[in-house]
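Each remark here refers to the structure printed beneath this line.
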Amino acid sequence: MPNVVVVGAQWGDEGKGKVVDQLACRADLVVRFQGGPNAGHTIVVDGETTILHLIPSGILQPSTLNLIGPGVVLDPDVLLAEIAGLVERGIPVGRERLRISDRAHVILPVHSALDRAREESRHQPTIGTTGRGIGPAYESRVARTGIRVSDLLEPDALRERLELALYERNFLLEHLYHWPRIDADELFEKAVVWGEKLAPYVDDVGVEIDRAMRAGRPVLLEGAQATLLDVDHGTYPFVTSSSTIAGGACTGAGLGPTHIDAVIGVSKAYATRVGGGPFPTEDDGDAGEHMGRVGNEFGATTGRKRRCGWLDLVVMRYAVRVNGITGMAIGKLDILTGLPEVKVCVAYRLDGKEVREMPASIRALERCEPIYKTFSGWSEPLAQARSLDDLPAAARDYIRWVEQALGVPVDLLGVGPGRDATIERANPFDPPRPR
């Protein structure tokens, strides 16, 4: 059976949770491969909204095993609260439903404190992080001073590891940012309790994935954030701290690239961005206000208002290329209903020249002016549409043009928030298309 990766094709908040939830009924395993609790995946089932930050979005499908991969940085308090919240609602989250990689890194209180201190400091520019410690945790991982989930299960060696993790970061907190130090004794006591509570879920996730693939069981790999927030390929420095593209699924889950059969890129029918950084198609007028209001564009993790604008094909073509996207899932088409016209950015004008590729320089991207193609709008509601033919002609023409311009089929098309409000034109778990 094919193995499928789901990635964001914009700046995040595209609706990956809904797509993963919908596809998860066809997968045996759902694997979250990067990011931390800065991700907020929103799923609506039978009118009930669930927001997940660390647990994979397949948890609402009763037959799936959900794995948190070694590429994730996890906050134990957030994860344990998320587990408890699901259990309170009658959703089983035992070991048969959820496993955590023993190689995943742990977000410590010192990471969260350092994240917030930096954002509030005058010493460096504001990036617009969630303040949840994700960046500093990944820094510790690369510096080889991080704490892994496996360390929480070895209290005899844990104290020494925590001292190493705190040494430099406490110095920065106290002497550079004038924040209070994190007490090593208190953290050790907390970490031992984390280990005891998480122990039933801990496993070698890579081995579990390999067994499933060898047995021909389908695996769905779930990314967080999105292409333009990738630490290498995004709008640096306004990015997250991990590899968000499809290639990151290999390192973040623990499998070879030859095991990836399909990549689904998730996008809205328009564009949004949270936090700082350039956003060439941002619309500050009536259309942008309409997208934000009707689309309820507020961050699932932070509640911050999202910046809204038109679909950007320069961004989308870039996402198709760096991810190897084989099919698109475009959501929230219904939000554009009622607009007199709909625009798509086909290229940029940079210093008087037309460019069709993403510049690496942030300063250059800030100078880019969008070149638009304009489509007629539509006023008919879309929520009941279950095929492309059910859409009004203007909406149908819009999607078909985008599909042709990207050179990638639109396999899934969202027309409402619910699980069933989707036009499915192809199943990515079918045998892969010839390349």
Side-chain angles (χ1 to χ4, degrees), residues 1-10 14-31 41 43-45 56-58 61 63-64 213 216-223 226-227 245-246 249 257-269 311 313 316-317 319-334 336 344 382-393 395-435:
M1 289 291 289
N3 303 305
V4 178
V5 180
V6 173
V7 294
Q10 298 172 311
E14 300 96 342
K16 293 180 291 297
K18 179 186 175 184
V19 173
V20 171
D21 170 69
Q22 182 174 356
L23 296 178
C25 63
R26 289 139 182 178
D28 285 355
L29 277 65
V30 178
V31 186
H41 291 179
I43 304 167
V44 180
V45 180
S57 299
Q61 296 285 1
S63 62
T64 60
M213 289 183 172
R217 299 164 61 200
V219 177
L220 181 60
L221 298 124
E222 174 186 24
T227 300
I245 63 173
T258 54
H259 293 296
I260 303 299
D261 298 300
V263 179
I264 299 299
V266 186
S267 165
K268 289 173 181 167
L311 191 68
L313 287 197
M316 300 285 284
R317 289 192 299 262
V320 168
R321 174 167 63 83
V322 299
N323 289 290
I325 289 172
T326 56
M328 291 297 305
I330 295 182
K332 288 196 164 184
L333 183 64
D334 53 306
L336 299 181
V344 178
L382 308 184
Q384 302 306 312
R386 295 298 177 267
S387 74
L388 210 61
D389 291 337
D390 293 337
L391 297 176
R396 191 165 58 242
D397 291 345
Y398 173 65
I399 291 300
R400 283 179 172 158
W401 187 90
V402 169
E403 185 176 54
Q404 184 176 12
L406 289 177
V408 175
V410 176
D411 291 344
L412 301 169
L413 186 60
V415 292
R419 180 183 278 174
D420 61 338
T422 303
I423 296 171
E424 182 175 310
R425 303 174 68 207
N427 176 6
F429 282 101
D430 286 339
R433 303 180 182 91
R435 297 179 184 175

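This is a predicted model, so every value here is computed, not measured.
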Inset, instruction - Walk me through it: do Lys332 and Lys18 pass the test side-chain contact (heavy atoms from CB on, under 4.5 Å)? - result: CA-CA 11 Å; Lys332 288 196 164 184; Lys18 179 186 175 184; over 6 Å; no
Legend entry - side-chain contact (heavy atoms from CB on, under 4.5 Å) assessment of Leu311 paired with Tyr398: CA-CA 11 Å; Leu311 191 68; Tyr398 173 65; 3.7 Å; yes
Inset, instruction - In sequence, state the C-alpha distance, the side-chain angles, and the governing distance for Val19 and Glu222, and then conclude on side-chain contact (heavy atoms from CB on, under 4.5 Å). - result: CA-CA 10 Å; Val19 173; Glu222 174 186 24; over 6 Å; no
Legend entry - Residues Gln384, Asp390; criterion side-chain contact (heavy atoms from CB on, under 4.5 Å); working and verdict: CA-CA 8 Å; Gln384 302 306 312; Asp390 293 337; over 6 Å; no
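When all heavy atoms are compared, the tightest approach of Ser57 to Val20 is CB-CG1, 3.7 Å. The minimum heavy-atom distance between Ala226 and Ala9, with the atom names listed, is CB-N, 4.4 Å. Closest of all the heavy-atom pairs between Asp334 and Gly414 is OD1-O, 4.0 Å. Heavy-atom minimum distance, Val7 versus Ile245: CG1-C, 4.1 Å.
Distance check, rounded to the nearest 0.5 Å: CD1 of Ile264 to CG of Asn323 gives 11.0 Å. The CZ atom of Arg400 sits 5.0 Å away from atom CG of Leu388, with the distance rounded to the nearest 0.5 Å. A distance of 10.5 Å separates CD of Gln61 from CG of Leu220, quoted to the nearest 0.5 Å. The CZ atom of Arg26 sits 4.0 Å away from atom CG of Asn427, with the distance rounded to the nearest 0.5 Å. Note that CD1 of Ile399 and CG of Leu333 are 4.5 Å apart. Values are rounded to the nearest 0.5 Å. Note that the CD1 atom of Ile43 and the NZ atom of Lys16 stand 12.0 Å from one another [nearest 0.5 Å].
Of the possible donor and acceptor atoms, one in the side chain of Asn3 sits under 3.5 Å from a partner among the backbone N and O of His259. Under the 3.5 Å distance criterion, the side-chain polar atoms of Arg425 are matched with a main-chain donor or acceptor of Val410. A donor-acceptor contact shorter than 3.5 Å links the side chain of Thr326 to the backbone of Val263. A distance-only check finds no donor-acceptor pair linking the side chain of Thr227 to the backbone of Ala319 [under 3.5 Å].
Considering only heavy atoms from C-beta on, Leu391 comes within 4.5 Å of Leu382 through its side chain. For the pair Asp261 and Pro428, the minimum side-chain heavy-atom distance is 4.5 Å or more.
Only one option out of Leu406, Asp411, Leu413 pairs with Met328 in a side chain to side chain contact (heavy atoms under 4.5 Å, CB included); it is Leu406.
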